[in-house]
Amino acid sequence: MQRRRALFLDADYAIRGGQTYARLFVKGKKSTRLHYLYDPYFYADVNEGERGAIENLSIKTREGQAVRPKRTEFVEKILFGDRKRLLRIYCHEPRHVPILREAIPFPCYESEIPFGRRFMMDMGLVPFSVISYEREGRTIKKFLGSRDGNPFMLRRFSFDTEVYNPLGAPRPSKDPIIMFSYSDSEGARGVVTFKKDHKPFVEVVENEKQMLERFFSIMDERDADVLFGYNTTNFDLPYMYERAKKLGIPLALGRDGSPYRLVRKGLINPLEIRGRIHIDLYPVMKFFGFTGLIRTDDYTLKNVYSTVTGKTATKIDRLDIWRQWDSNDISTLTDYALSDALATMELGEMAFPLLTELSTITRMPLFDVAYATSGQLVESLLMSEATARGMVIPPKPSGSAVSARLENPIQGAYVKLPAPGIYENIVVFDFRGLYPSIICSYNIDPFTIDREGDFNKSPTGANFLKSPKGLIPIVLDNLIDRRVLIKRELKAAKKDTEEYKKLSARSHALKILANSFYGYLGYARSRWYNRKCAESVTAWGRMHIMEAEEKANAAGFKVLYMDTDSLFLLLDGKTREDALHFLANINKELPEKMELELEGFYSRGVFVSKKAEEKGAKKKYALLGDDGRVKIRGFELVRRDWSGVAKDTQRRVLEAILRDGSKDKAVAIVREVVEQLRSGKVPLDNLAIYTQLKKEPDKYDIVSPELSAALKARKKGKTMERGSIVGYVITKKGKSISEKAEILEFAPDYDPDYYINHQVLPAVMKILKELGADEYELTHGGRQKGMGDFF
DNA sequence: GCCGTAGGACTACCA
DNA sequence: ACTGGTAGTCCTACGGCG
């Protein structure tokens, strides 16, 4: 028998002759599927006496089929922290599991684990590892240990479609797809269309039908393993589906010529393409935004591409596509189409290493990772690690348990109220990985709590055993330790090499995961939710930061501000050496895993008051670093829901103060901008305010400006749904602000008064106020309306 | 019915 | 659909006035 090797990707199942086979998706020389006989099962907490009755169960399904267990055995497992003998009930098919589970009037476990994942966990199968196996016919007899494989063996392929859209929004029943563009990891690139264009990369066919068919054959020729697209889930693929149906041809996306399949995964419903891994980069980029990896006002391909690469993509206005097509000179359009496919490829290639690392670490297949939330990633990792240690995976909470958890939130972090003002010589310290280090230091885990033995007592009164270590601290410790090693390797590695990229992605993946553990402990739908644990984490956090504050005061520093894990001190005549000495002293008394770090020295900082009160505003400050860099948090200028003009002006004012300490300069800047706004010359792009619709448009109680703009735009054919980011401008027409709001594309003009009094001035007034009471008196002296008069 | 305002709805930020 | 803490805008219902 020949021994073969292949890169393992994913697993599900197939039924043959009444038997369940795990189906492994692998890539050797080609992409193939391997089959391996494996029975699904679940556990029941029953006595020996019940075994016979369970083995004799026979449940009639609606189709009249009898469902019986295949066999049973007692196994020793760890259930909720205690050793326990459980009955493992094997079934003939995965779909029998929930049926039999329903019929057993005793506690059952692990009956809702998808079969593919069950199999992967039991076998210790890791995505992107190389397995070696012996094959007999269509099935494998055995397969062996795995080692690191190379995800870049997979061929990545990106594509984009252009659609005819004379009415703005294209109608799939009438408007054809006019162009496909693609590129792949081997350097292929091209455009397929059905109007003449003499360019080497453009392939011209007769009609739309031929074009679709040609596109499917290109995917096969290029042997695409991974399909990158942008918003393909909601737009391109469903549109292709409609067009293919209309044209009477199969939507041959899969390796076997099958169309896509809708997979339900909670709120996201990704489209699965058989034999390939479809990665829609739009949700991926949103996830990156969530983890703080990227920062952008909206998640259009154009915007994300320029924030990620620093390059700007020249684009045709989407509304112009049909005009260009009708003009019969499609040269610009083909360029544009190709650049979209290339930009998608570039984003895909940047995301790929991080996604594959997340997949390998969490044991979650790449396709799932691409659409996963951080909660699912943590859960996947914990489920694998629990299984490897003989622990029963805790069940998902019931709906009522979820509501109860939601109604009962836990106390969070401490934030110190800063006194507004302009300060000099500031040092900032923060705890490195505060919550993860607390979880590890105090062995915080749902199953180390309130048990016999030597324990750590949390400030909330909960007791956590010192040993043995709980699953969560073990897994988290491991993530942190691995990251330390990788950072060391990273220092030795040469930048811009493949190795460096891989290590850097791995480090990042480990960080994302480690930072998600605390959230997962307090997440209402978590399998490992524990109120006392989550509460203790934050309580210990508050304790440590407040102890640091006391010590700073005792050492003669003035504590300016604190938030969760950070400490802002005024040197107040002391030297930097004093500050570092203080830091060392603090660290001497902290648990081993915890460390307070120097974040930086700052020569100047601005804290402002709240809008309505004299009190200082929390989570809002600007610092000027030694290196001349400005660090800004919380100010309107970091928010997408403020106009560009207000944000730019606020930035310039802050910099004038931080760098030059000049109020005259700051005032001059504001005067200039107000003048420009009044003149009506400010481009509308600079006036757009971006706000996301977090609900379906018809689910709102009140009509906000963004909703009003979205509803008006929808009447003109724009897609506006939950998740859409609405870029709108306040125009002159209308009474209320909502009435005046129109999306950027449809805004004919802007209302200077709104932008002066509701955008620019509010953004800068609080800062100018800190420059001195004189200006404050001047602007506030008895005047409520028309703050603009001053400028 | 008009006006001004408190409280609520809502979003995006910090950590 | 990982957590809580926070600022801020705009809308809307409400009470006072007449």
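Letters A, B, ... mirror the listed sequences (proteins, then strands); counts begin at 1.
When side chains are defined from C-beta on, A:S643 counts as touching A:Y755, because their heavy atoms get closer than 4.5 Å. With contacts defined as side-chain heavy-atom distances shorter than 4.5 Å, the pair A:R531/A:N408 qualifies. A 4.5 Å side-chain heavy-atom check between A:L637 and A:W642 finds every atom pair outside the cut-off. The closest side-chain heavy-atom distance from A:S374 to A:F287 is below 4.5 Å. The shortest side-chain heavy-atom distance between A:K620 and A:P418 does not fall under the 4.5 Å cut-off.
Between the P atom of C:dC11 and the NZ atom of A:K735 lies a distance of 13 Å, rounded to the nearest Å. Distance CG (A:L693) to P (B:dA12): 9 Å, rounded to an integer number of Å. Between A:F517 atom CZ and C:dG4 atom P the separation is 18 Å, expressed in whole Å. Remark: C1' of B:dC14 and CD1 of A:I545 are 14 Å apart, rounded to the nearest angstrom. A:Q759 places its CD atom 14 Å from the P atom of C:dG8, with the value rounded to the nearest Å. Computed from coordinates, the A:K766 NZ to C:dT6 C1' distance equals 13 Å when rounded to whole Å. Between the CD atom of A:Q692 and the P atom of B:dA12 there is a distance of 5 Å, rounded to whole Å. Computed from coordinates, the A:F287 CZ to C:dA1 P distance equals 14 Å when rounded to whole Å.
Between the side chain of A:S609 and the backbone N or O of A:G616, no donor-acceptor pair lies under 3.5 Å. Put simply, the side chain of A:S306 gets close to the backbone of A:K302: a donor and an acceptor are under 3.5 Å apart. Side-chain atoms of A:Y602 never come within 3.5 Å of backbone atoms of A:Y423 as a donor-acceptor pair (strictly under, hydrogens ignored). Not one N or O on the side chain of A:T307 forms a donor-acceptor pair closer than 3.5 Å with the backbone of A:T296. Side-chain atoms of A:T538 come within 3.5 Å of backbone N or O of A:Q411 as a donor-acceptor pair. Using modelled atom types, no side-chain atom of A:D565 and backbone atom of A:G433 make a donor-acceptor pair closer than 3.5 Å.
Phosphate contact (OP1/OP2 of C:dA7, side-chain N/O of A:K610, threshold under 4.0 Å): present. Dashed line: the shortest gap from a side-chain N or O of A:K694 to OP1 or OP2 of B:dC10 is not under 4.0 Å. Taking side-chain N and O atoms only, A:Y728 has no distance below 4.0 Å to OP1 or OP2 of C:dT9. Note on A:R542: every side-chain N or O is 4.0 Å or more away from OP1 and OP2 of C:dG5.
None of A:H758, A:K740, A:K732, A:K733 except one satisfies the side chain to side chain donor-acceptor pair (under 3.5 Å) rule with A:D751; the exception is A:K740. Of the options A:I480, A:D477, A:L479, a side chain to side chain contact (heavy atoms under 4.5 Å, CB included) to A:P436 is made by A:I480 and by none of the others.
The CG atom of A:L567 sits 5.0 Å away from the CD1 atom of A:I545 when rounded to the nearest 0.5 Å. Between atom CD of residue A:E636 and atom NZ of residue A:K766 there is a gap of 4.0 Å, rounded to the nearest 0.5 Å. Distance check: A:I393 CD1 to A:E112 CD gives 8.0 Å after rounding to the nearest 0.5 Å.
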Nucleotide N/O of nucleotides 1-6 of chain B paired with protein N/O under 3.5 Å:
none

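Among the atoms of the strands shown, none is found under 4.0 Å from any heavy atom of A:S526. The residue A:R531 sits apart from the nucleic acid: no heavy atom pair falls under 4.0 Å. Nucleic acid contact class of A:T373 (heavy atoms, under 4.0 Å, all strands): sugar-phosphate only. Across all strands shown, A:T691 has heavy atoms under 4.0 Å from sugar-phosphate atoms exclusively, and none from any base. Heavy atoms of A:Y529 sit nowhere under 4.0 angstrom from any nucleic acid atom.
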Please step through salt bridge (Lys or Arg N to Asp or Glu O under 4.0 Å) for the pair A:K735 and A:E739, ending with a clear verdict.
CA-CA 6 Å; A:K735 277 171 120 181; A:E739 280 175 36; over 6 Å; no
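You'll find that the side chain of A:T564 is closest to B:dA15, out of C:dA7, B:dA15, C:dC10. The side chain of A:D565 lies closest to B:dA15, out of B:dC13, B:dA15, C:dG8.
Residues from residues 630-655 of chain A that place a heavy atom under 4.0 Å from any atom of DNA chain B, listed by number: A:R633, A:G634, A:V638, A:R639, A:R640, A:D641. Within residues 404-419 of chain A, no residue has any heavy atom closer than 4.0 Å to DNA chain B. Of the residues in residues 618-625 of chain A, those placing a heavy atom less than 4.0 Å from an atom of DNA chain B are A:K619, A:Y621, in numerical order. For the segment residues 593-602 of chain A, the set of residues with a heavy atom within less than 4.0 Å of an atom of DNA chain B is empty. Across residues 697-706 of chain A, A:Y700, A:D701, A:I702, A:E706 each have a non-hydrogen atom less than 4.0 Å from an atom of DNA chain B (numbered order).
Under a cutoff of 6.0 Å and an axis angle of 45°, A:K618 and A:Y561 do not form a cation-pi pair.
Below 30°, between 30° and 60°, or above 60°: for A:Y282 and A:Y299 the angle between ring planes is above 60°, a perpendicular geometry.
With ring centers used as reference points, A:F568 lies under 6.0 Å from A:Y621.
To the nearest whole angstrom, the two P atoms, one in C:dC2 and one in B:dA9, are 24 Å apart.
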